[in-house]
Amino acid sequence: MKIIGIALGTVALALGIIGIFVPLLPTTPFLLLAAALYLRCSPALYEWLLNQKHLGPYIRNFRENRAIPLRAKVVSVSLIWLTISYCIVCVVDRWWAQLLLFLLAVGLTWHILSFATLKKNI
């Protein structure tokens with residue numbers, strides 16, 4: 001079970017890292033999943049993840065404050081709307097698919113903005 005947990009944690013970690021660059025793929029949930037799996041299966045990997053310069057603050061801030069930094073909110077919501085607007089205008093030609101993309105953008109925006117704003121920077 002340890003090997004499976006570590007493998008799943010590593011996959012979640014990879015998806016979290018990819019999510020930093022891909023607007024519709026969430027970063028924090030995958031990093032939290034990786035942290036939870038590492039905590040159960042390998043405390044050393046858990047400590048390593050928490051001590052990472054760029055990834056550790058995502059996990060610590062969300063775990064401690066259940067909040068997202070203002071900069072992360074602005075960047076996330078902006079990239080979501082830019083990407084989905086481009087898809088609606090230039091890629092998708094079916095009205096129902098455009099509506100679904102619009103509703104997806106609204107839902108993602110609501111979800112991100114529903115979290116408190118972290119007062120200190122990560």
S.K.: Given the rule that I, L, V, M, F, W and Y join up when any side-chain heavy atoms are under 4.5 Å apart, are L101 and V89 in one cluster?
M.R.: no
S.K.: Please name all residues satisfying side chain to side chain contact (heavy atoms under 4.5 Å, CB included) with I18, sequence neighbours left out, ordered by chain then number.
M.R.: V22, L25
S.K.: Using the rule that Ile, Leu, Val, Met, Phe, Trp and Tyr join whenever any side-chain heavy atoms are under 4.5 Å apart, tell me whether I6 and I3 fall into a single cluster.
M.R.: no
S.K.: For V74, which residues count as a side chain to side chain contact (heavy atoms under 4.5 Å, CB included) partner, sequence neighbours excluded?
M.R.: L70, S78
S.K.: State, yes or no, whether a side-chain contact exists between I84 and F102 at a heavy-atom distance under 4.5 Å.
M.R.: no
S.K.: Of all residues at least two apart in sequence or in a different chain, which pass the side chain to side chain contact (heavy atoms under 4.5 Å, CB included) check with L55?
M.R.: L13, I17, I20, L31, L49, Q52
S.K.: Determine, using the 4.5 Å side-chain heavy-atom cutoff (strictly less than), whether L33 and L8 are members of one ILVMFWY cluster.
M.R.: yes
S.K.: Report the distance from atom CG of L118 to atom CD1 of I68, rounding to the nearest 0.5 Å.
M.R.: 9.5 Å
S.K.: Show the atom names and distances, to 0.1 Å, of all donor-acceptor pairs under 3.5 Å that link a side chain in residues 35-48 to residues at least two apart or in another chain.
M.R.:
residue	atom	partner	partner atom	Å
Y38	OH	T10	N	3.4
Y38	OH	T10	OG1	2.9
S42	OG	L45	N	3.3
Y46	OH	R63	NH1	2.3

S.K.: List the residues meeting side chain to side chain contact (heavy atoms under 4.5 Å, CB included) with A97, not counting sequence neighbours, and say none if there are none.
M.R.: V92, R94
S.K.: For residues 103-117, run the donor-acceptor check on the side chains, cut-off 3.5 Å, and write out each pair with its distance to 0.1 Å, sequence neighbours left out.
M.R.:
residue	atom	partner	partner atom	Å
T109	OG1	W81	NE1	2.7
T109	OG1	A105	O	2.7
S114	OG	H111	O	2.7
T117	OG1	K73	NZ	2.8

